[in-house]
Protein chains: 2
Amino acid sequence: MEVGTVITEQQQRAARYAKALGHPVRMYVMELLSKQSCCYSGDISDELPIAKSTLSQHLKELKDAGLIQGEIELPRIKYCLNRENWNEAKLLFKQFFSV
Amino acid sequence: MEVGTVITEQQQRAARYAKALGHPVRMYVMELLSKQSCCYSGDISDELPIAKSTLSQHLKELKDAGLIQGEIELPRIKYCLNRENWNEAKLLFKQFFSV
DNA sequence: ATCTTTGTTCGTAAATTTACGAATTAAATG
DNA sequence: CATTTAATTCGTAAATTTACGAACAAAGAT
């Protein structure tokens, strides 16, 4: 995604977060986490009519984008917001929408 | 993208906007438009090192997502924010980030 | 030692996205 | 009527995304 020097670092970061949020399942997960801060993959899997492996893939994308983090708590994995990046995303979008 | 009744209409709409914003070029365009309200395809083409046809494609996606609208002003096309949907997006993201 | 539980990883297929250059359109201009 | 201008649409290729089920992993329970 080489777009020269015209596009700012902030725009790139905002686009990255937006992309991660650009799917209904991931939007749902993030909204859940922003409400209750933590959850298990199974909690989501029980609600959504998608394969577990598909959900895992979505969670991985959110993790790769830095929006969530997983903590092993066997036999489950506890997913939480990555507060630092969540706050960054919040700020970037706030600025973006209030220009 | 059939995801049952668990995912709300709002989440679907927010995901749709997020997806449209999920590319640096489109983020750049939207930020430009939110600053100056209108612009021509050529203005952007002069700045960004991408093919005109590629830019056209990105503009089409923003248009399909309802974030911008084009007005013919020959020989050019004037692109403007779609204020109504822009405001909806703003609201959805505001709610999303402030839960 | 085997079974259960909770998720991930693998393999794969279909669809979508991204990108480019060439061809096209549509009106204004010479 | 041919040219010019500004941008779109077409054709196409490569990469990424989305989705599923099967196979696997890792620790606790039986």
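In the text below, chain A, chain B and the rest are named by the order of the sequence lines, each starting its count at 1.
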Please indicate whether Q69(B) has more than 12 foreign heavy atoms, meaning atoms of other residues, nucleotides or ligands, lying under 6.0 Å from its CD.
-> yes
side-chain hydrogen bond (donor to acceptor under 3.5 Å, both in side chains) between Y28(A) and E47(A): does it pass, once the steps are laid out?
-> CA-CA 10 Å; Y28(A) 172 85; E47(A) 297 297 326; 4.5 Å; no
d(CD, E61(A); C1', dT17(C)) in whole Å = 13 Å
So, the side chain of E61(B) versus the backbone of H58(B): is there a donor-acceptor pair under 3.5 Å, distance only?
-> no
K60(B) NZ - dT17(C) P separation (whole Å) = 11 Å
Hey, does the side chain of H58(B) come within less than 4.0 Å of dA19(C)'s phosphate (OP1/OP2), counting only N and O?
-> yes
Please report, rounded to the nearest Å, how far the P atom of dT17(C) is from the NE2 atom of H23(B).
-> 12 Å
Just how far, in rounded Å, is P of dT17(D) from CZ of R16(A)?
-> 10 Å
Could you check how far CD of E73(A) sits from P of dT6(C), rounded to whole Å?
-> 13 Å
Under 6.0 Å from the CD1 atom of I72(B), do we count more than 12 heavy atoms belonging to anything else shown?
-> no
To the nearest angstrom, the CD1-P distance between I68(A) and dG7(C) comes to 12 Å
Starting from P on dG7(C), measure out to CG on D46(A) and report it in whole angstrom.
-> 9 Å
Between the protein and nucleotides 4-8 of chain D, which nitrogen or oxygen pairs come in under 3.5 angstrom?
{"residue": "dA6(D)", "atom": "O4'", "partner": "P75(B)", "partner atom": "O", "Å": "3.0"}
{"residue": "dA7(D)", "atom": "OP1", "partner": "S41(B)", "partner atom": "N", "Å": "3.3"}
{"residue": "dA7(D)", "atom": "OP1", "partner": "G42(B)", "partner atom": "N", "Å": "3.4"}
{"residue": "dA7(D)", "atom": "OP2", "partner": "G42(B)", "partner atom": "N", "Å": "3.0"}
{"residue": "dT8(D)", "atom": "OP1", "partner": "Y79(B)", "partner atom": "OH", "Å": "2.2"}
{"residue": "dT8(D)", "atom": "OP2", "partner": "S56(B)", "partner atom": "OG", "Å": "2.1"}
{"residue": "dT8(D)", "atom": "O5'", "partner": "S56(B)", "partner atom": "OG", "Å": "3.0"}

F96(A) ring center near W86(B) ring center (under 6.0 Å) | yes
Atom NZ of K19(A) to atom P of dT17(C): distance rounded to whole Å?
-> 10 Å
Candidate nucleotides dT9(D), dA19(C), dC20(D), ranked by approach to the side chain of T54(A) - the nearest | dC20(D)
Check step by step if side-chain hydrogen bond (donor to acceptor under 3.5 Å, both in side chains) holds for E73(B) and Y40(B).
-> CA-CA 10 Å; E73(B) 206 176 80; Y40(B) 300 95; 2.5 Å; yes
